[in-house]
K.L.:
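Could you have a look at this structure, given as structure tokens, before my questions?
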Amino acid sequence: MLKLLCCNKYPAQRLTPLVYIYSGIMSSNSKRQATLARFFTSIKPSADDQNSKTSSSPVPPPSSSSSSTTANGSSPLKKPKLSPIESSKTDSSETTVKQEFVCDIPYADVCVLFQEIENISSRLQIIKLCSEFFTKAMKQNTANLIPLTYLFINKLGPDYEMGLELGLGENLLMKTISESCGKSLQQVKLDYKDIGDLGTIAMNARNVQPTMFKPKPLTVGYVFQNLKLIAKSSGKDSQLKKIRLIKKLLTACKGIEAKYLIRSLESKLRIGLAEKSVLISLSKALLINEYNNTLDPDMELIEKAEQKIRDAFCQIPNYEIVINSCLKYGIMNLDEHCSLRPGIPLKPMLAKPTKTIMEVFDRFQNIHFTSEYKYDGERAQVHLMNDGSMRIYSRNGENMTERYPEINVTDFIKDLNLTKSLIIDCEAVAWDREEKKILPFQVLSTRKRKDVDIKDIKVRICLFAFDILCHNDEKLINKSLRERREILHSVTREVHGEFTYAKELSTNNLDELQLFLDQSVKDSCEGLMVKVLDGEDSHYEPSKRSRNWLKLKKDYLDGVGDSLDLCVLGAFYGRGKRTGTYGGFLLGCYNQDTGEFETACKIGTGFSDEVLQSLYDRLKSTTIDGPKATYIYDSSAQPDVWFEPTLLFEVLTADLSMSPIYKAGASTYSKGISLRFPRFIRLREDKSVEEATSSEQIIELYENQSHVAK
Ligand SMILES: Nc1ncnc2c1ncn2[C@@H]1O[C@H](COP(=O)(O)OP(=O)(O)OP(=O)(O)O)[C@@H](O)[C@H]1O
Ligand SMILES: [Mg+2]
Ligand SMILES: [Mg+2]
């Protein structure tokens, strides 16, 4: 049915003969391909096409924000649009893409597809449906791919662009559904207890609601732009603005649309569509398009293409740029044209935990390695751009430049005539200027995160640099660490107490390494980072938790080797001294395959009275009536109150054990894994809840315990 829908709606017949004529002259020359692609995408539709489109997809609701609609509400159907090849530059100079998305595809078609996906479990079948959908959509206009991809992966743009997060809370959504679908709030709440899905509740309510005027069909472009407006609503009336915009969309919803609209607003489609499947489908559609529909790519080729997209995305986490580069240069040539650039935060390389120095030696037998102090602050990726401006990004790509107004990267550059741009990887650490020493992480976390006025800064920071990833637009990640270090030292200079290099030692003597580890702790560090120094294994691997970087944290050597960052899912009321606040919390890890939170432990140790009070003040407004459908828990371990997932605790554990009650990793193991004697260390403000320790990581830590490994 979907096939029919798509075929009728986006007629390809007119393209087909041209494809055949031109396929004879196609070569791998990407420029020629781009010219042809431009030609194909700019073909004006015939009157027939327009009519068939008009009959199946009438005018979208008028909106000042919808550029696909004219003032009188008529749709400029398939007017010749610029393909992304023309409308969006992907030159290395470009850092932000200011293109509004026009996409006339009926939103109902997307929802029909979502429903089909929800009803099937075969990943291959899902990929087939998605890639067919993308292929059809591309025939109409290749630019359609961008809003579609974002809708499919529950995002509105790159993570590093501020203000594009949805994930609206259920209280706001319940209020809006009640107001726009003619149900009392109490009834919506009761239904929610019963059904557990606001999307279904909104759909059911919409479908029995009498409507005076037949709403105009929604298009993908219109929905996408309004979702963006909702996410971007800020200021004192932001809640009202959001509600108004959601109502406008909801009243235009028909059939199953309200269900998926509400779920998109929650940023959880819950149809079992993993981002990986979307990327494979996207790769397939791009390959088919690239070969002008003459190729039926096999899985091996598709997975190769998908890997290219993933690799590019780790360096430029922006689907718009990555997709446009695929269209312009060809997916297999992506690595030559789409790589890291100053101004866009690449995904940082991560390390694997180890529990003993011996483990390090086992891993790095016959390998040149180097050790650096592991500073305990926050990751800071410092960018200098060609226009002389600078940015500092956090571990998850958040722009933190405002947080550090006292930092001026040009102060640390040896010769500004020779260095126009760069990206360096550092740890920002609180620094005592009088005593000239490192201050604990807790001091750093007292600094405001936003709107920092340089006059008010009490806690100064020092940047400890440990890597350089790009210099004068030349990417350095495929050079050895030894070479990168040399470049770092040759282009920057130390400014005491503001910018220094991470202390390093290259030795393969066990005693010397032990002394260096002990010294690092005396010097207020967490331990060491041990890294491969030469050869391919020492290349910088964006976003990878690599075995080529090992962390050795002194405090955790007796436990599982590392701390864990778990999401707060619920709480238990305090008794005795803790009456009036929460006395304990239910924590969970994040399953990246399913998007679910799996309970891992109850925690009540490590909190001061002040911390408990501030946690109470902060968490009580995130209370929800019952557990979310994405919480995997056992009924014997239910907390007194449940929360929206908003906050991570960094916790320490004596060890990990199999549990009859907790569910971490339970989708892979017959039983779940839980933390024994968990202890709160601190809040993890620089990670989003999806960046919580994953179920996969917990399984790995569990299996690495000596008694389990045996
Ligand atoms: N010399 C160094 N080289 C690399 N990273 C360092 C160094 N010194 C400090 N770091 C910090 O250590 C971090 C890795 O260890 P850490 O245990 O703090 O990770 P995390 O932020 O808790 O993330 P995860 O637990 O997911 O790995 C890096 O992301 C970086 O912020
Ligand atoms: Mg750290
Ligand atoms: Mg950690």
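Starting from 1, each residue takes its place in the sequence as its number. Hydrogens, waters and symmetry mates are skipped; everything else that's a heavy atom, side chains included, is used. Ligands are counted one by one from 1 in listed order, and the atoms in each one are counted from 1 as well. Here the structure is a predicted model, which is why all the values come from computation and not from measurement.
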K.L.:
Looking only at heavy atoms, which two atoms of Q442 and I681 are closest? And how far apart?
P.N.:
NE2-O, 4.3 Å
K.L.:
Would you call the rings of F607 and F585 parallel, tilted or perpendicular, taking 30° and 60° as the class edges?
P.N.:
tilted
K.L.:
Which ligand 1 atoms does R545 reach within 4.0 Å, using its non-hydrogen atoms?
P.N.:
24 (P), 26 (O), 27 (O)
K.L.:
Pick out which of D467, V382, L346 makes a side chain to side chain contact (heavy atoms under 4.5 Å, CB included) with D425.
P.N.:
D467
K.L.:
Output the list of atoms in ligand 1 that are nearer than 4.0 Å to some heavy atom of E372, sorted by atom number.
P.N.:
1 (N), 2 (C), 3 (N)
K.L.:
Below 4.0 Å from ligand 1: does a non-hydrogen atom of Q697 turn up there or not?
P.N.:
no
K.L.:
What side chain to side chain donor-acceptor pair (under 3.5 Å) pairs are there with at least one residue in residues 551-563, not counting sequence neighbours?
P.N.:
D518-K554, K551-D562, K553-D562, S563-E650
K.L.:
Could you tell me how the ring of Y373 sits relative to the ring of Y375: parallel (under 30°), tilted (30 to 60°) or perpendicular (over 60°)?
P.N.:
tilted
K.L.:
How would you list, by chain and number, every residue that makes a side chain to side chain contact (heavy atoms under 4.5 Å, CB included) with K602, sequence neighbours excluded?
P.N.:
F572, Y662
K.L.:
Determine, for Y540 and R484, whether the Lys NZ or Arg CZ falls below 6.0 Å from the six-membered ring centre while staying within 45 degrees of the axis.
P.N.:
no
K.L.:
Less than 4.0 Å is my threshold; does some heavy atom of E650 fall inside it relative to ligand 1?
P.N.:
no
K.L.:
With a 6.0 Å cut-off (strictly less than), is the heavy-atom count around CZ of R449, excluding the residue itself, greater than 12?
P.N.:
yes
K.L.:
Suppose we measure from atom 19 (O) of ligand 1 to each protein heavy atom; which comes out shortest, and what is that distance?
P.N.:
K551 NZ, 3.5 Å
K.L.:
Looking only at protein heavy atoms, which one is nearest to atom 10 (N) of ligand 1, and what is the separation?
P.N.:
E427 OE1, 3.6 Å
K.L.:
Tell me, which protein residue and heavy-atom name are nearest atom 17 (O) of ligand 1, and how many Å apart are they?
P.N.:
K553 NZ, 2.6 Å
K.L.:
Name the option, out of M529, Q381, R684, R379, that contains the heavy atom nearest to atom 21 (O) of ligand 1.
P.N.:
R684
K.L.:
Does K276 NZ have over 12 foreign heavy atoms under 6.0 Å away?
P.N.:
yes
K.L.:
Write out the residue and atom name of the closest protein heavy atom to atom 8 (N) of ligand 1, then the distance separating them to 0.1 Å.
P.N.:
Y375 N, 3.1 Å
K.L.:
Aromatic rings F597 and Y631: how do their planes relate, parallel, tilted or perpendicular, breaks at 30° and 60°?
P.N.:
perpendicular
K.L.:
Return yes when F464 approaches ligand 1 closer than 4.0 angstrom through a heavy atom, no otherwise.
P.N.:
no
K.L.:
Tell me which one of K374, K352, R395, M349 gets a heavy atom nearest to atom 13 (C) of ligand 1.
P.N.:
K374
K.L.:
Which protein non-hydrogen atom lies closest to atom 3 (N) of ligand 1, naming both residue and atom, and how far is it?
P.N.:
K531 NZ, 2.9 Å
K.L.:
If you measure from each non-hydrogen atom of E691 to ligand 1, which part falls under 4.0 Å: side chain, backbone, both or neither?
P.N.:
neither
K.L.:
Should Y373 be counted as touching ligand 1, given the test is an N or O pair under 3.5 Å?
P.N.:
yes
K.L.:
In the protein, which heavy atom is nearest to atom 6 (C) of ligand 1, and how far is it?
P.N.:
F466 CE2, 3.7 Å
